[in-house]
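In what follows, a structure is listed as structure tokens, so that the remarks can point back to it.
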Amino acid sequence: MTNDISCPAALASGARAHWAQRSLAQVWHPCTQLQRLAAAPPLPLVRGQGPWLFDHDGRRYFDAISSWWVNLFGHADARLGAAVKDQLDRLPHVMLAGCTHEPAVMLAERLSARTGGALGHAFFASDGASAVEIALKMSFHSWRNRGRPAKREFACLRGGYHGETLGALAVTDVKVFRDAYDPLLLPTHQVMSPDARQARPGETAAEVAQRALAQMQALMESRHEHLAAVIVEPLVQGAAGMAMHDASYLRGLRALCDRYDVHLIADEIAVGCGRTGSFLAFEQAAGPGQAPVWPDLLCLSKGISGGYLPLSLVMVREPIYASFLDERSERAFLHSHSYTGNPLACRAALAVLDRFDQEPVLERNRLAAARLAAGLAPLAEDPRIEHLRQCGTIHAFDVKAEVAGADFAERFHRAGLAQELLIRPIGRSVYLMPPYVLDETLADWLAQRVRRTLDAVVPGAAHAA
């Protein structure tokens with residue numbers, strides 16, 4: 001794999017506009033106000049190599065957000081591709097109801113081993129929202145099977161995001177996604193986020209976490225007989241603008257859930273697979289010298305297949321699994337997807353785990369992330385910027401509201417394309433979540449291009465007040 005940053009010759013002049021127009025005519029693009037696509041048409045891409053994506057005219061774009069956080073080892077990775085091609089000739093798909101196959105079994109075994117066997121069974125699905133739906137249903141149904149059907153309520157964090165199907169949306173608190181469908185949603189309890197950006201003068205991130213835990217405790221004290229589960233994004237709330245919190249929040253939340261007999265669901269769809277500096281974010285929940293701390297249910301998707309094929313799964317503790325064991329079908333978990341445990345997707349995930357097992361992936365990531373942090377460090381003193389932050393390979397900063405202006409995210413995205421960046425801010429929060437092929441040279445280049453993009457969108461001399 002090369003990190004060559006030279007631009008190839010044009011491949012098909014005019015094809016970019018041609019395919020953009022055809023897409024506008026037929027494709028309903030996600031997470032997009034379609035009325036604005038004429039002014040900001042979709043970017044037609046024809047191939048990827050390493051961290052780069054290329055359009056029809058040969059222009060290249062650094063995938064600074066790993067194509068919505070799924071791409072771990074760069075595009076067209078030879079080892080992941082070879083694994084999928086090998087499986088394609090063996091067994092592309094078979095239903096997992098009444099059948100099984102080696103990739104699904106091995107993936108479940110190896111992921112369980114990463115939790116020391118604490119999370120012993122994996123239920124497969126296709127996407128992150130499906131995994132959240134499964135976890136919510138499992139929690140409620142498990143309590144019901146155990147003779148406690150009143151435990152049917154869920155708690156979530158303000159600013160949390162867990163998907164856009166109705167169950168997942170019910171535990172999501174991002175207005176732009178939720179508000180239109182609010183009449184359809186199950187009522188839930190929304191509790192203070194431990195987002196460190198909420199720190200009062202002189203307050204630490206750990207103290208913000210303690211304030212948030214106090215609110216969660218108050219809820220559990222009053223509603224624990226009715227609460228089935230609380231769901232959180234460990235360490236980083238993605239759609240809230242990469243809101244980062246202290247790991248002590250996870251320890252405290254685990255203790256509260258144990259005390260009040262409430263399931264803890266960890267949504268690691270975005271933050272798992274090395275993004276936060278450990279393979280699973282929840283690995284950081286245990287304090288120094290403490291025994292590992294795990295949730296009751298853990299959702300994975302996105303990076304687990306390296307950006308190759310749709311795959312998600314829910315890992316569960318033994319008591320939850322055991323609560324479904326019965327001769328009666330109505331006590332079984334009958335949720336299913338046609339492509340559950342697809343062998344191609346599972347084989348891609350096994351190839352991802354091979355990379356982590358056979359290479360110093362996390363150590364390389366730490367070095368590259370430190371270099372990128374150094375390149376972004378001047379932003380800490382930039383009067384346009386607040387809350388420069390980092391968690392593992394995730395870097396973010398907020399452009400102050402008084403200088404961001406209207407449509408900041410769209411303007412920054414378009415200006416980024418001119419700097420060879422594929423980047424999509426969340427509101428006025430600019431974030432980087434690059435593939436794990438970042439090296440020191442690319443980290444320097446990326447930091448420079450992000451700062452150039454910022455200057456193009458919010459000129460320092462004109463706006464630094």
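Positions are given from 1 along the sequence.
- With hydrogens and angles ignored, the 3.5 Å screen pairs no side-chain donor or acceptor of His245 with any backbone N or O of Ala196.
- Look at Arg110 and Asp354 and you find a salt bridge, because one of the NZ, NE, NH1 or NH2 atoms lies within 4.0 Å of a carboxylate O, short of that distance.
- Between Val230 and Val191 the shortest side-chain heavy-atom distance does not fall below 4.5 Å.
- Between Phe412 and the options Leu421, Val399, Val457, a side chain to side chain contact (heavy atoms under 4.5 Å, CB included) holds for only Val457.
- Judged purely by atom type and a 3.5 angstrom limit, Arg331 has no side-chain atom pairing as donor or acceptor with the backbone of Leu325.
- His413 has its side chain within reach of Leu422: a pair of non-hydrogen atoms, C-beta onward, lies under 4.5 Å apart.
- Inter-residue side-chain proximity for Leu353 and Leu111 is flagged as met; some heavy-atom pair is nearer than 4.5 Å.
- Looking only at atom types and distance, the side chain of Thr165 has a donor-acceptor partner in the side chain of Glu133 under 3.5 Å away.
- The number of heavy atoms from other shown groups lying within 6.0 Å of CZ (Arg178) is above 12.
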Apply the test side-chain contact (heavy atoms from CB on, under 4.5 Å) to residues Tyr308 and Val352: give CA-CA distance (whole Å), side-chain angles for both, the deciding distance (0.1 Å), then the verdict. CA-CA 10 Å; Tyr308 268 68; Val352 166; over 6 Å; no
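- Contact annotation: the side chain of Leu379 approaches that of Arg451 to within less than 4.5 Å [non-hydrogen atoms, C-beta and beyond].
- Side chains of Asn71 and Ser67: no donor on one and acceptor on the other come within 3.5 Å.
- Here the two rings, on Phe356 and Phe73, have centers that are under 6.0 Å apart.
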Using the rule given for side-chain contact (heavy atoms from CB on, under 4.5 Å), can you reason through Leu311 versus Leu300, listing the C-alpha separation, both sets of side-chain angles and the distance that settles it, and then say yes or no? CA-CA 8 Å; Leu311 176 67; Leu300 281 177; over 6 Å; no
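- His337 is linked by a ring pair (Phe, Tyr, Trp, His ring centres under 6.0 Å) to His335, counting only residues two or more places apart in sequence or in another chain.
- Ion pairing of Glu420 with Arg452 is absent here, as no side-chain N (NZ or NE/NH1/NH2) approaches a carboxylate O to less than 4.0 Å.
- No side-chain heavy atom of Phe154 sits less than 4.5 Å from a side-chain heavy atom of Ile231.
- The main-chain N or O of Thr276 is found under 3.5 Å from a side-chain atom of Gln284 such that the two form a donor-acceptor pair.
- Ion pair Asp439/Arg371 not flagged as a salt bridge, since none of the NZ, NE, NH1 or NH2 atoms sits closer than 4.0 Å to an Asp/Glu carboxylate oxygen.
- For the residue pair Ser23 and His29, a side-chain donor N or O sits within less than 3.5 Å of a side-chain acceptor on the partner.
- Contact record, Val293 with Ala285: CB-CB, 4.1 Å, taken as the closest heavy-atom pair.
- The side-chain hydrogen bond (donor to acceptor under 3.5 Å, both in side chains) search around Thr188 returns none, not counting sequence neighbours.
- Considering only heavy atoms from C-beta on, Leu157 comes within 4.5 Å of Pro194 through its side chain.
- Summarising the geometry of Ala396 relative to Met242, their closest heavy-atom pair is CB-CB, 3.8 Å, with the distance given to 0.1 Å.
- In this structure, Trp69 contributes its side chain and Ala270 its backbone to no donor-acceptor pair below 3.5 Å.
- At distances below 3.5 Å, at least one donor-acceptor pair connects side-chain atoms of Glu268 with backbone N or O atoms of Phe282.
- Side-chain atoms of Phe123 and Val316, non-hydrogen and from C-beta on, never get closer than 4.5 Å to each other.
- Under a 3.5 Å cut-off, the side chain of Ser139 and the backbone N or O of Leu136 do not form any donor-acceptor pair.
- Contact check on Asp89 versus Lys85 returns no salt bridge, with no Lys/Arg side-chain nitrogen under 4.0 Å from an Asp/Glu carboxylate oxygen.
- Heavy-atom contacts from other residues, nucleotides or ligands closer than 6.0 Å to CZ of Arg90 number 12 or fewer.
- The main-chain N or O of His387 is found under 3.5 Å from a side-chain atom of Arg389 such that the two form a donor-acceptor pair.
- In this structure, Phe177 places its CZ atom where more than 12 heavy-atom neighbours from other residues, nucleotides or ligands lie under 6.0 Å away.
- With sequence neighbours excluded, the residues satisfying side-chain contact (heavy atoms from CB on, under 4.5 Å) with Arg414 are Ala40, Glu410.
- Residues satisfying the ring pair (Phe, Tyr, Trp, His ring centres under 6.0 Å) criterion with His93, sequence neighbours excluded, are Tyr339.
- Gln198 and Arg158 share no side-chain donor-acceptor pair at under 3.5 Å.
- Partners of His395 under the side-chain hydrogen bond (donor to acceptor under 3.5 Å, both in side chains) rule, at least two apart in sequence or in another chain, do not exist in this structure.
- For the residue pair Ser312 and Asp127, no side-chain donor N or O sits within less than 3.5 Å of a side-chain acceptor on the partner.
- Taking every heavy atom of both residues into account, Ile134 and Ala125 meet most closely at CD1-CB, 3.6 Å.
- Both tests pass for Arg114 against the ring of Phe279: distance under 6.0 Å to the centre and angle within 45° of the axis.
- The aromatic ring centroids of Phe62 and Trp52 lie less than 6.0 Å from each other.
- The 12-atom threshold is not exceeded at CD of Glu102, counting heavy atoms of other residues, nucleotides or ligands nearer than 6.0 Å.
- Put simply, the side chain of Thr32 gets close to the backbone of Pro30: a donor and an acceptor are under 3.5 Å apart.
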* Could you walk me through whether Met216 and Tyr249 pass side-chain contact (heavy atoms from CB on, under 4.5 Å), step by step? => CA-CA 11 Å; Met216 185 66 76; Tyr249 181 80; 3.7 Å; yes
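- The salt bridge (Lys or Arg N to Asp or Glu O under 4.0 Å) contacts involving residues 231-241 comprise nothing, where partners must be two or more places apart or lie in separate chains.
- Between the side chain of Ser429 and the backbone N or O of Asp398, no donor-acceptor pair lies under 3.5 Å.
- Looking at Thr100 and Val105, their side chains come closer than 4.5 Å, going by heavy atoms from C-beta outward.
- No donor-acceptor distance shorter than 3.5 angstrom exists from the side chain of Asp246 to the backbone of Ala205, with no hydrogens or angles considered.
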Kindly determine whether Ile394 and Met244 satisfy side-chain contact (heavy atoms from CB on, under 4.5 Å), including the steps that lead there.
CA-CA 10 Å; Ile394 306 169; Met244 300 177 186; 3.9 Å; yes
